[in-house]
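Below is one structure, written out as structure tokens; the observations come after it.
Sequence lines set the chain letters: A, B, ... in the order given, protein chains first and strands last, and positions in each chain run from 1. Just so it is clear, the values below take in all heavy atoms, side chains as well, and ignore hydrogens, waters and symmetry mates.
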Amino acid sequence: MNIITIDNVCKNYKSKKALDNVSLSIKQGELFGLLGVNGAGKTTLIKILCGLTRKTSGTIRINNFDVDKEIDKIKEIIDISPQETSVANNLTVKENLEFFANIYNNNDANTINEIVDVFNLNEVLNQRAKTLSGGYKRRLSIAIALISKPKILFLDEPTLGLDVFARRELWNIIKKLQKNITIILTSHYLEEIENLCDRVAILSNGKLLKIGTIEEIKQLNNTQNFEDSFIKLVEANNE
Amino acid sequence: MNKVVNFYKRNLKEVLRDPLIYIFCLGFPIAMFFLFYIINKFSNGNTPTFEVLSLLPGIIVFSYSFVMLTLSIMVSKDKQTFFLKRLYSSPMKSYDFILGYSLVGLFIGVLQTLICIITGLIISLISSVDFVSISNILLLIIAQFPMLITNIFLGILFGTIFSDKSAPGICSVFISLAGILGGCWMPIETMGSFETFCRFLPFYPSVYIGRIITNSTNALGIAYSFDNIASFGLITISLFMIASIFLAIFAFNKNMVSDK
């Protein structure tokens, strides 16, 4: 069953086409990757799906709700961990979690404790967010996104700027989450997409170049590895 | 309402954990009060504007501009760190945000008013001057309320429109304007057409009405009374308050769904 259906979506910024007739669907429970170089349109698409930016044309349905008419209902079932670790800096880790839980009327101590355990936040629970390391801030940012128990979770560049250990640790957490919710993950790290995603959509200059599993994309392009496929697709589009 | 209270609590914690609030919002008005008291004392009490009853409304109005500064910094930082963007994708509505920010401004403003009144009382005791009656203190708080609201919404407006780097700069212009054009420590009533000009801005009329309530006298030795300046001032203050509310709400709603 498709939980997100995107049909012919365009987004124009003055003279630039950020999204050019993008159509795709995402299945419930899927870990779906949006891959592309900087400026490909990944973040724009996520912003449109979350109701943060309006599309120029096309239709989008999320859990059967229309993004134009029923955005309030959509906001009840989605959450986002943006590219920037957007947390309340002067609040402690615990206060941040409680604050976001209260927004969704979900301030259940068990849920918070569960999330604290999953993300190994116990040792920094009473520490102010601004004093956390980059890795902990990212973890907190994703933990916050899960506190609402969303049906759909958007992870925009979740491991951006993290060292290899922190990145691997986050991958393991994301893999654990995958079982229960639909995750849409954007990244420009190929190995991240390859390791985590069930299916992937490759975007370049606002256009959807290919969609499928990693294996399907490799086969279609007659390449041995995913990186070669990606480069081949993007270069062909740029020519 | 739960979301408003939740957001208000978060904002209050953020503000109270920032040392700047104690310096600007609380320390600065007290320091100004004592500074002008000392100047007046050393000028043998020849500066009526610096008399405690005259200073009190001026410093209250001036201190409200720091509420504007605090809110503009908070909103612009929340915007800059994408904290607001994240909240925009939550079920929070624009009125939850605006009320959550406004209540913090209200809290700081009321606290500042009380601190100014207490400081004024202390100075009046030191200088053996009769202070304002309790009923007039309440009237003074009510009379300055529109100016507080104006500053709260201007703070939200500037924080929404400008970045966290430029918002404080814009606010500092307004802080200076509040001090100079409000006649807080300048005998505007002796300045002819400049005084007429100041009537069209909310600062001077607010201070003027406050001085009527505190029974103070102007630089010419004439007691402030409810005259044309005060009645015209009420219109000016109301218009600025309504305009700031509408502009802040409009700008914030626009920011919630934008291409930025």
Side-chain angles (χ1 to χ4, degrees), chain A residues 11-14 16 18 43-44 46-56 67-68 71-92 95-96 98-107 128-130 137 141-142 144-145 147-148 150 152-154 156, chain B residues 1-22 25 70-71 73-101 103-104 108 159-160 163-164 252-260:
Chain A
K11 175 68 188 175
N12 301 336
Y13 291 116
K14 288 179 184 166
K16 198 194 169 216
T43 301
T44 302
I46 286 205
K47 278 185 177 176
I48 292 171
L49 293 170
C50 295
L52 298 174
T53 300
R54 285 199 179 95
K55 58 189 164 49
T56 310
V67 89
D68 293 324
I71 192 66
D72 288 344
K73 286 178 184 165
I74 292 172
K75 284 180 177 180
E76 297 278 352
I77 58 158
I78 63 162
D79 216 322
I80 181 172
S81 172
Q83 225 173 87
E84 304 76 12
T85 48
S86 36
V87 296
N89 278 319
N90 274 326
L91 263 55
T92 65
E95 285 169 341
N96 262 291
E98 285 170 347
F99 166 67
F100 280 92
N102 278 328
I103 292 174
Y104 294 86
N105 298 320
N106 197 22
N107 199 353
R128 285 194 197 173
K130 66 178 175 188
K137 265 193 180 175
S141 184
I142 301 175
I144 283 171
I147 208 90
S148 62
I152 304 164
L153 173 64
F154 295 95
D156 194 6
Chain B
M1 205 59 195
N2 280 348
K3 290 187 181 75
V4 175
V5 175
N6 186 42
F7 192 52
Y8 160 72
K9 281 183 187 168
R10 173 264 164 182
N11 293 340
L12 193 63
K13 279 179 192 165
E14 287 273 351
V15 162
L16 294 179
R17 288 173 187 178
D18 187 347
L20 275 183
I21 180 92
Y22 302 100
C25 292
T70 307
L71 283 177
I73 291 173
M74 182 188 261
V75 177
S76 58
K77 266 191 183 168
D78 283 350
K79 201 179 65 181
Q80 209 73 19
T81 57
F82 286 81
F83 180 74
L84 273 181
K85 278 278 179 210
R86 170 172 224 154
L87 289 177
Y88 291 162
S89 69
S90 79
M92 281 179 75
K93 303 274 188 295
S94 68
Y95 57 81
D96 295 322
F97 291 102
I98 290 168
L99 284 174
Y101 282 126
L103 287 173
V104 173
I108 304 168
T160 307
S163 72
D164 61 337
F252 200 89
N253 281 336
K254 210 166 179 308
N255 187 256
M256 279 186 82
V257 184
S258 73
D259 285 347
K260 285 178 185 166

Requested in this report: Tell me, for A:D72 versus chain B, whether the close heavy atoms (under 4.5 Å) come from the side chain, the backbone, both or neither.
Outcome: side chain
Query raised in the report: For chain B, which of A:S81, A:S141, A:C50 has the most heavy-atom pairs under 4.5 Å?
Result: A:S141
Query raised in the report: Is it true that atom NZ of B:K13 has more than 12 heavy atoms of other residues, nucleotides or ligands lying nearer than 6.0 Å?
Result: yes
Query raised in the report: So, does B:E14 use its side chain to make a donor-acceptor pair with the main chain of A:N90 at under 3.5 Å?
Result: yes
Query raised in the report: Which heavy atom in A:E84 sits nearest to a heavy atom in B:T81, and how many Å separate them?
Result: CB-O, 4.2 Å
Report task. Please look at A:A18 and chain B and tell me whether the side chain, the backbone, both or neither of the residue comes under 4.5 angstrom of a heavy atom of that chain. Result -> neither
Query raised in the report: At their closest point, which heavy atom of B:R10 faces which heavy atom of A:A88, and how far apart are they?
Result: NE-CB, 3.8 Å
**Report entry** Parallel, tilted or perpendicular, as decided by the 30° and 60° cut-offs, for the rings of B:F83 and A:F100
**Finding:** perpendicular
Query - For A:T56, side-chain hydrogen bond (donor to acceptor under 3.5 Å, both in side chains) partners two or more places apart - result: none
Query raised in the report: chain B: which of A:I103, A:T44, A:I144 shares the most heavy-atom pairs with it under 4.5 Å?
Result: A:I103
Report summary line: The interface call for A:Q83 against chain B, heavy-atom contacts under 4.5 Å, is neither
Query raised in the report: So what's closer than 4.5 Å to chain A heavy atoms on B:N2: side chain, backbone, both or neither?
Result: side chain
**Report entry** Over all atoms of both residues, closest heavy-atom pair of A:L52 and B:S89
**Finding:** CD2-N, 3.9 Å
Query raised in the report: Quick one: are A:F99 and B:L87 in side-chain contact, heavy atoms under 4.5 Å?
Result: yes
Report task. Identify, with sequence neighbours excluded, every residue that meets salt bridge (Lys or Arg N to Asp or Glu O under 4.0 Å) alongside B:K79. Result -> none
Requested in this report: Could you list the residues that satisfy side-chain hydrogen bond (donor to acceptor under 3.5 Å, both in side chains) with A:D79, not counting sequence neighbours?
Outcome: A:Y104, A:S148
Query raised in the report: Does B:K9 pair with A:E98 as a salt bridge, N-O distance under 4.0 Å?
Result: no
Query raised in the report: So do the side chains of B:R17 and A:R128 get within less than 4.5 Å of each other, counting heavy atoms only?
Result: yes
Query raised in the report: Are there residues of residues 91-99 of chain B that reach to under 4.5 Å of chain A by heavy atoms, and which ones?
Result: B:P91, B:M92, B:K93
